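One structure below.
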Amino acid sequence: MEVKSPSGRVVAHSDLGWPQWRVAIEYEGRQHAERGQFGRDLDRYSLMAADGWLTIRYGADHLRRPELIVDRAARALRSRGAVW
């Protein structure tokens, strides 16, 4: 999913997200621990936060508990006004 700045410029790509509520989901695989990637991730996440995005990050251990992933994503969406 494209993450855009208030001016409409694409500033990042997220694994999953809901632009209308500015909630993004990111899976952090092993490659994100590499120094260069880690630095790029920090820059991207701080840029997204500066533009009002809430990013929920998950790793491999979370995949064993999909209910946790769904619950946290739902809570994040509700915190931004989503209803269903």
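Numbering of residues begins at 1 and proceeds along the displayed sequence. It should be emphasised that the depicted structure is a prediction, and the values quoted were computed from it without experimental measurement.
- Between Arg78 and Val83 there is no side-chain heavy-atom pair separated by less than 4.5 Å.
- Note: Ser5 OG to Met48 CE = 12.0 Å, rounded to the nearest 0.5 Å.
- With a 4.5 Å cut-off on side-chain heavy atoms, Asp41 and Glu28 count as touching.
- The number of heavy atoms from other shown groups lying within 6.0 Å of CZ (Arg75) does not exceed 12.
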Verify side-chain contact (heavy atoms from CB on, under 4.5 Å) between Glu2 and His13, making sure each step is shown before the conclusion. CA-CA 5 Å; Glu2 292 181 338; His13 289 86; 3.7 Å; yes
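- Separation of atoms CG (Asp51) and CZ (Arg9) is listed at 8.5 Å; rounding is to 0.5 Å.
- Arg64 CZ to Ile69 CD1: the interatomic distance, rounded to the nearest 0.5 Å, is 11.0 Å.
- Going from atom OH of Tyr45 over to atom CZ of Arg40 covers 12.0 Å, rounded to the nearest 0.5 Å.
- No donor-acceptor pair closer than 3.5 Å links the side chain of Ser14 to the backbone N or O of Ala24.
- Atom CG in Leu77 sits 14.5 Å away from atom CZ in Arg22 (nearest 0.5 Å).
- Linking Ile, Leu, Val, Met, Phe, Trp and Tyr residues whenever their side-chain heavy atoms come within less than 4.5 Å leaves Val70 and Trp84 in two separate clusters.
- A salt bridge is absent between Glu26 and Arg57: the closest approach of a Lys/Arg side-chain nitrogen to an acidic carboxylate oxygen does not fall below 4.0 angstrom.
- Taking the side chain as every heavy atom from C-beta outward, Lys4 and Pro19 never approach each other to under 4.5 Å.
- A distance of 10.5 Å separates CH2 in Trp53 from CH2 in Trp18, rounded to the nearest 0.5 Å.
- Between Gly52 and Arg80, the shortest heavy-atom distance links the atoms O-NH1, 2.9 Å.
- By the 4.5 Å heavy-atom criterion applied to side chains, His62 and Arg72 are counted as neighbours.
- Within the 4.5 Å cutoff, side-chain heavy atoms of Tyr58 are placed close to those of Ile56.
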